[in-house]
Amino acid sequence: MDWPTTIATTVAALLTLAVFSFLYKDNPFYKFAEHLMVGVSAGYWVIILWYTVVIPKMWQPLEAGKWYYIIPIILGILMWARLNRKWQWVSRYPLAFYIGVSTGVAIPLEMKAKVIEQLNGSVDLVTTMYATQASGMTVVNNILILIGIIAALIYFFFSKAHTGATGSIAKFGIGVLMVGFGASFGFTVMARISLLIERLQFLLFEWLKWG
Amino acid sequence: MRKRTRPAILHSTTLVLLIALSMGWLGLGADVRAQSTTEIPESSAVAPAIAVAPPTEVRVQDAPNDHGHALTVRWKLSTDDGQGQNNILAYRILRTPKLVGPLPMDSAKSGTDLQVFSSPETIYEEAVWRLIPDQWDTLGQVPLGTSKYENRGGKQRDAKDFLPDATPFQYKVIATTAAGGMGISEASAPAQSSGQIVHTSKLQFIGIPVVIFTALVLGFISAAKRGRELYIRPLAGIGAVDEAIGRATEMNRPILYVLGLGAPDDIATIASYTILSRVAKKVAEHRTELLVPCYDAVVMSIAQETVRQAYLDAGRPDEYKEDMVYYVTQEQFAYVAAVNGTMLRRQTATNFYLGVFYAESLILAETGSLAGSIQISGTDRVTQIPFFIVACDYTLIGEELYAASAYLGREPKLLGTLKAQDWAKGMFIAFMIFGLVGAALQWNWVVSLFRMSF
């Protein structure tokens, strides 16, 4: 390995160990790694935003004679009014505009992804059973899924106390959710362990050259 | 070099063809035309090997209800299609001007004999296109009996099938036979594509639920304003907010509020602002310290406004400090490292994690748990909820986060909306059960209701 690569690998390994030291307790090595990471990443993002926003979305459109781009640019500049105590209130206008527009855009998308697609998917469970002439465990499985969906939806009813029949269905619903969360938890923990293994492999084989 | 040789090749090809056609090599002319995408099939100049009746009344119009970049071509079938000589095999569709590209940016600057297509957008895009008048692109063909062709092109300028908006195109339709016969239509009138703001065919599916939901929202808001008690079941996580703030006050340690990694317009982040407002107001009343490290600069600005207003509402505007809400960085794990450090160094008594979270959820919650903080979390990211459940004292699952903002605020607008949402949810469940029963009984008309395209 050449010297520059050796130095880079050693710095990466030492920073990895500095971050791992947090498992013991907060210490100066962790503090150094933390501050370095925060500082470098903040600087990195300034450059990224300069080349992905300021140049292509502000400068170039104006250069191309698209003068209507001046409206969002002015709204952006108004955000800087926050720095002046007297003019701080001006920055509320671009914020209100941004939140209003983006919420309006987000809601139909959420509606499609979380309501319409769910409805389609639920009905598909039944139509697929017919189409594939499913039998036995597939039918039982699909019926369980459908009951689970309805019970889980009833858990998210906020207008009625969870007592009596509603309470029983909601209890079953949260049980279904917990089964799903448990599976998701186990799956992700395995993924995290693989990340740890990758870091250990880096320390042992790339840095220390074991094996 | 290539730019100079291409026109030369085109000119020589045209010359050869003209000589051939003038000598009466009609069959050859037809074959060459069928293979080429650059020559103009002039019905008046070339008679096909076997004459067939051409399609007539070729009309082109912008395809409706789309983002543009599409034109619909319609024509009247050849009289030999299914009747007359009954020998039509297919219809071939041609378009002029010919589109050449995408070409590199410097092509736009060099002088050529081709017309440069330059809408303002192309100036800073990576590719330019040329429109060559009087040359025809063969787009494809459709089988006999078909009188419509959808010319749907790409939207991106670097796509090979890019079709520019606001650019007039003309079309011709050629009726072809198995024996090589052709009937060429007259060129259509020019037409150009454009995008539409409203998708009219979706209105019928979206309009009715929107009207019902709006009526419910307005009705419940009005009821709440009149003072009608709207019941919302207690949420454990929200009940613990006051207790958690009280604990921090007693211990004289700060409260940490994390808005997550979401964008300012994420629904979970918006719900989190409302909860932050309530928490900040309580914190101001108790004179406890509040820390709000932010991942996004715009989220930070909104959070600062929210906290400032909460301190004002609590009657303690002088207690508000700008650095309560501060920016860290927009790099996921650097942000996590900083927040973890804050938790251990400042020994926060209470941690709130409410908003959008990704892989950092367990790292944050686990550190808070080790630090002995009481932790209240909530997110609508299904994959992160399990981590909060195992590592936090209280977790708001999915929609509970949205409900919490209404529950805490007790504002008529929020309460009314939440109530309307519950009713809408009930209607969706009923609609779903109806669909399931319909599908089980194989009522296709019911199933087709669920196949709407959005």
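By convention in this document, chain letters (A, B, ...) are assigned in the order of the sequence lines, proteins followed by strands, and residues within each chain are numbered from 1. As a basis for the values below, the full set of heavy atoms in this structure was taken, side chains included, without hydrogen atoms, waters or symmetry mates.
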Indicate the atoms forming the closest heavy-atom contact of [X] with [Y], along with that distance.
X      : Y      : result
B/K425 : A/L153 : CD-O, 4.3 Å
B/D422 : A/F157 : O-CZ, 3.5 Å
B/L436 : A/S122 : CD2-O, 3.5 Å
A/R192 : B/A359 : NH2-O, 3.1 Å
A/V126 : B/A440 : CG1-N, 3.5 Å
B/R233 : A/A161 : CB-CA, 4.3 Å

Residue among [options] with most heavy-atom pairs under 4.5 Å to chain A:
options                        : answer
B/V328, B/V298, B/V336, B/L344 : B/L344
B/I267, B/D266, B/L230         : B/I267
B/A338, B/A263, B/G341         : B/A338

Please state whether the side chain, the backbone, both or neither of [X] comes within less than 4.5 Å of a heavy atom of chain A.
X      : value
B/I385 : side chain
B/V390 : side chain
B/L370 : neither
B/Y402 : side chain

Considering residues, nucleotides and ligands other than [X], do more than 12 of their heavy atoms fall under 6.0 Å from its [atom1]?
X      : atom1 : result
B/F333 : CZ    : yes
A/W207 : CH2   : yes
B/E229 : CD    : no
A/R199 : CZ    : yes
A/F97  : CZ    : no
A/K57  : NZ    : no
A/F29  : CZ    : no
B/Y231 : OH    : yes

If you count heavy-atom pairs under 4.5 Å between each of [options] and chain B, which one has the most?
options                      : answer
A/S184, A/G182, A/S159       : A/S159
A/L146, A/V19, A/V105        : A/L146
A/K160, A/H162, A/M129       : A/H162
A/Q118, A/E117, A/E63, A/R92 : A/R92
A/I99, A/V101, A/L36         : A/I99

If I measure from the heavy atoms of chain B, does A/L119 come under 4.5 Å with its side chain, its backbone, both, or neither?
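Both backbone and side chain.
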
Contact part of A/I48 toward chain B, heavy-atom cut-off under 4.5 Å: side chain, backbone, both or neither?
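Contact with chain B is absent: no heavy atom of A/I48 under 4.5 Å.
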
Do the side chain of A/Y30 and the main chain of B/A337 share a donor and acceptor less than 3.5 angstrom apart?
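Yes.
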
[X] side, atom [atom1]; [Y] side, atom [atom2] - distance, nearest 0.5 Å:
X      : Y      : atom1 : atom2 : result
A/E34  : B/R345 : CD    : CZ    : 4.0 Å
B/T395 : A/F181 : OG1   : CZ    : 9.5 Å
B/T329 : A/Y44  : OG1   : OH    : 11.0 Å

Residue pair B/Q421, A/F156: steps toward the side-chain contact (heavy atoms from CB on, under 4.5 Å) verdict
CA-CA 11 Å; B/Q421 204 174 301; A/F156 288 106; over 6 Å; no

No-hydrogen, no-angle side-chain donor-acceptor test under 3.5 Å, B/E322 and A/Q88:
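Looking only at side-chain atoms, A/Q88 and B/E322 do form a donor-acceptor pair, the distance falling under 3.5 Å.
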
Cut-off 3.5 Å, side chains only: do A/Y155 and B/E400 have a donor facing an acceptor?
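Checked: A/Y155/B/E400 side chains pair up, N/O donor to acceptor below 3.5 Å.
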
Determine whether A/F185 and B/I389 make a side-chain contact, defined as any pair of heavy atoms from C-beta on separated by less than 4.5 Å.
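No, side chains not in contact.
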
Please list, in residue-number order, every residue in residues 163-179 of chain A that has a heavy atom less than 4.5 Å from any heavy atom of chain B; write 'none' if there are none.
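Answer by number: A/I174, A/M178.
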
Show the numbers, then the answer: is there a side-chain contact (heavy atoms from CB on, under 4.5 Å) between B/T383 and A/T188?
CA-CA 8 Å; B/T383 48; A/T188 315; 5.6 Å; no

